[in-house]
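Structure, as structure tokens:
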Amino acid sequence: MGLYVLKFGGTSVGSIDRIKHVAQLIGEQRDGGHDVVVAVSAMSGETDRLLGLAKAIDAAPPPRELDVLLATGEQVTIALLAMTLETMGYAARSYTGAQVTIRTDGVHGKARILAVDERRIRADLELGRVVVVAGFQGVDAAHNITTLGRGGSDTTAVALAAAMKADECKVFTDVDGVFTTDPRMVPEARRLQRVTFEEMLEMASLGAKVLQIRSVEFASKFGVPLRVLSTFGSNGGTLIAPEDGQEMETPLISGIAFNRDEAKITVLGVQDRPGIASSILEPVAAANIEVDMIVQNAGRDGSTDFTFTVHRSDFGKAMQVVEAVRGAIGAQQVIGDNRIAKISLVGVGMRSHAGIASKMFRALAIEGINILMISTSEIKISAVVDEKYLELGVRSLHSAFALEQDSNLSDESLQVN
Ligand code: ADP
Ligand code: ASP
Ligand code: MG
């Protein structure tokens with residue numbers, strides 16, 4: 001019989017009725033003779049509610065105390081689920097991250113899991129219990145409660161599955177798997193039966209929040225079979241697995257990810273000389289601001305423009321930092337735009353096909369959407385556009401690449417109309 005780690009997200013445990021439904025799904029696995037470890041999120045909306053309480057006191061609450069507060073959301077759910085299982089006749093035990101122990105580094109708000117002590121869980125499984133673990137949280141070496149960043153319960157589940165060498169980690173959510181794009185934005189989006197770790201990593205890092213990126217990193221590193229499926233009736237969901245080279249044909253594009261959390265800053269008229277990029281970006285890094293895309297053109301007449309993007313929440317701070325060095329680097333002006341969005345095409349099939357970028361740009365042009373920035377890697381192409389065109393852009397690319405169809409393999413799909 002197998003050992004499964006099941007993860008249930010916020011919507012799946014959003015009410016007592018839903019918790020009862022989740023307990024039934026767990027019960028079915030137990031009745032089938034399987035051992036079950038469960039990771040759960042806070043009830044939907046709870047983490048945001050707690051954040052709101054903290055921010056009503058302090059716009060930038062002390063990170064240690066914020067983690068103590070946010071971790072309570074998941075503690076409520078584990079207890080309610082364990083109680084429900086018990087009332088249904090299934091022995092169950094709930095544990096916080098600290099009780100397991102899920103050891104993390106001490107970076108509050110985005111802690112990394114360093115180790116999972118699986119002994120207590122194994123002992124419970126041997127006694128026939130379902131083990132219910134709080135997602136999203138851990139404890140550092142000094143016994144401080146830490147949290148793993150938004151969406152972090154996915155990572156808890158995969159880390160448990162890796163530590164326990166589980167047969168599969170099943171992430172139950174409110175959609176039936178990973179789709180060609182967010183099915184809430186594009187109803188024609190199609191479920192992918194299988195997606196590679198590499199593609200899922202790109203999709204997660206480019207905005208598809210269906211899995212937290214660190215959970216995919218973990219699953220890939222430790223070879224954890226990972227499946228995303230729906231709590232509310234599944235057709236098999238999506239398997240995230242290594243590229244096995246067995247596929248006869250690889251889809252050109254697996255999916256479209258998008259991200260609204262971007263802002264761009266342009267430094268106009270900077271001197272075109274060695275060291276200029278570092279004089280702009282070093283102070284930005286020193287202010288703990290992560291930079292995403294960077295574009296610099298070849299200079300003319302000794303000067304050039306330099307543009308980069310940051311997370312929208314860092315926009316104000318980044319503008320101040322760059323404005324402060326403007327004089328020193330001899331730049332004319334700093335301008336910014338925090339109403340931009342990034343749309344990305346992802347697919348391992350891109351490696352062996354030319355013409356995808358031009359087809360993407362043509363599809364956006366037909367809709368009158370201006371591209372502000374472009375970046376590419378081997379398996380993705382991203383375009384930054386005005387935020388107001390995000391939905392139109394995603395929909396038009398989805399249909400231009402025929403992603404609603406079962407296969408976008410054929411060479412005709414590359415023709416530019
Ligand atoms: P949970 O609370 O279960 O962790 P999340 O809200 O974090 O659920 O993630 C599931 C959501 O991810 C879906 O409801 C969907 O709107 C969104 N999503 C974004 N991109 C995709 C995609 N490519 N495939 C499936 N879902 C996606
Ligand atoms: N409750 C946390 C959040 O809302 C963690 C999670 O749901 O995965 O981000
Ligand atoms: Mg999530």
Side-chain angles (χ1 to χ4, degrees), residues 5 7-14 37-82 93-118 120-121 131-163 171 173 204-205 209 211-218 261 287-290 310-314 317:
V5 174
K7 180 258 171 176
F8 295 92
T11 319
S12 307
V13 292
V37 179
V38 185
V40 284
S41 295
M43 295 168 84
S44 55
E46 180 62 7
T47 309
D48 286 335
R49 188 186 75 85
L50 294 167
L51 255 177
L53 291 177
K55 296 221 162 149
I57 295 170
D58 183 348
R64 182 188 181 281
E65 304 317 321
L66 188 59
D67 275 356
V68 173
L69 179 70
L70 295 188
T72 62
E74 271 70 9
Q75 189 168 340
V76 169
T77 332
I78 53 169
L80 293 175
L81 180 56
R93 274 280 171 95
S94 69
Y95 295 105
T96 65
Q99 286 175 310
V100 166
T101 312
I102 296 179
R103 168 84 60 228
T104 71
D105 63 20
V107 185
H108 288 291
K110 50 178 174 188
R112 281 183 180 274
I113 295 177
L114 302 176
V116 174
D117 184 344
E118 88 291 3
R120 202 163 177 180
I121 301 177
V131 179
V132 185
V133 178
F136 175 59
Q137 57 178 262
V139 64
D140 73 7
H143 302 283
N144 297 299
I145 293 173
T146 55
T147 64
L148 311 180
R150 298 308 301 265
S153 300
D154 298 331
T155 304
T156 304
V158 175
L160 286 167
V171 172
T173 182
S205 76
K209 70 164 185 170
L211 284 174
Q212 196 198 34
I213 182 164
R214 280 187 190 160
S215 70
V216 189
E217 285 168 359
F218 238 102
D261 302 329
N288 256 325
I289 300 171
E290 269 180 47
V310 296
H311 196 277
R312 202 175 278 183
S313 60
D314 287 329
K317 194 160 73 163

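In what follows, residues are counted from 1 in the order of the sequence shown.
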Would you check if [X] and [Y] make a side-chain contact, meaning some heavy-atom pair closer than 4.5 Å?
X      : Y      : value
Thr96  : Val133 : no
Met43  : Leu80  : yes
Leu114 : Asp105 : yes
Val139 : Thr104 : no
Arg64  : Pro62  : no
Val116 : Val100 : yes
Ile113 : Ile102 : yes
Asn144 : His108 : yes

I need the [X] [atom1] to [Y] [atom2] distance, nearest 0.5 Å.
X      : Y      : atom1 : atom2 : answer
Ser205 : Arg214 : OG    : CZ    : 13.0 Å
Leu81  : Ser12  : CG    : OG    : 11.0 Å
Asp154 : Leu211 : CG    : CG    : 5.0 Å
Thr101 : His143 : OG1   : NE2   : 8.5 Å
Gln137 : Ile78  : CD    : CD1   : 6.5 Å
Leu70  : Leu51  : CG    : CG    : 5.0 Å

Is it the case that more than 12 heavy atoms not belonging to Gln75 sit under 6.0 Å from its CD atom?
no
CD of Glu290: more than 12 outside heavy atoms within 6.0 angstrom?
no
Assess whether a salt bridge exists between Asp117 and Arg103, defined as any Lys/Arg side-chain N lying under 4.0 Å from an Asp/Glu carboxylate O.
no
Of the non-hydrogen atoms in Phe136 and Thr156, which two are nearest, and what is the gap between them?
N-OG1, 2.8 Å
What is the minimum heavy-atom distance between Val5 and Ala157, and which atoms define it?
CG1-O, 3.5 Å
When you measure from the side chain of [X] to the backbone N and O of [Y], does any donor-acceptor pair fall under 3.5 Å?
X      : Y      : answer
Glu46  : Val76  : no
Glu74  : Ser41  : no
Lys317 : Ala287 : yes
Ser94  : Val132 : no

Kindly indicate, with the supporting measurements, whether the criterion side chain to side chain donor-acceptor pair (under 3.5 Å) is fulfilled by Thr11 and Ser44.
CA-CA 5 Å; Thr11 319; Ser44 55; 5.1 Å; no
Please check if any side-chain donor atom of Thr147 sits under 3.5 Å from a side-chain acceptor atom of Asp67, or the reverse.
yes
Looking at residues at least two apart in the chain, or sitting in another chain, which of them share a salt bridge (charged side-chain N to carboxylate O under 4.0 Å, His left out) with Arg312?
Glu387
Should Asn288 and Asp314 be marked as a side-chain contact (heavy atoms from CB on, under 4.5 Å) after you check the CA-CA gap, both sets of side-chain angles, and the distance that decides it?
CA-CA 9 Å; Asn288 256 325; Asp314 287 329; over 6 Å; no
With Asp48 via side chain to side chain donor-acceptor pair (under 3.5 Å) - residues at least two apart:
Arg150
Full working for side chain to side chain donor-acceptor pair (under 3.5 Å) between Ser215 and Thr155
CA-CA 4 Å; Ser215 70; Thr155 304; 4.5 Å; no
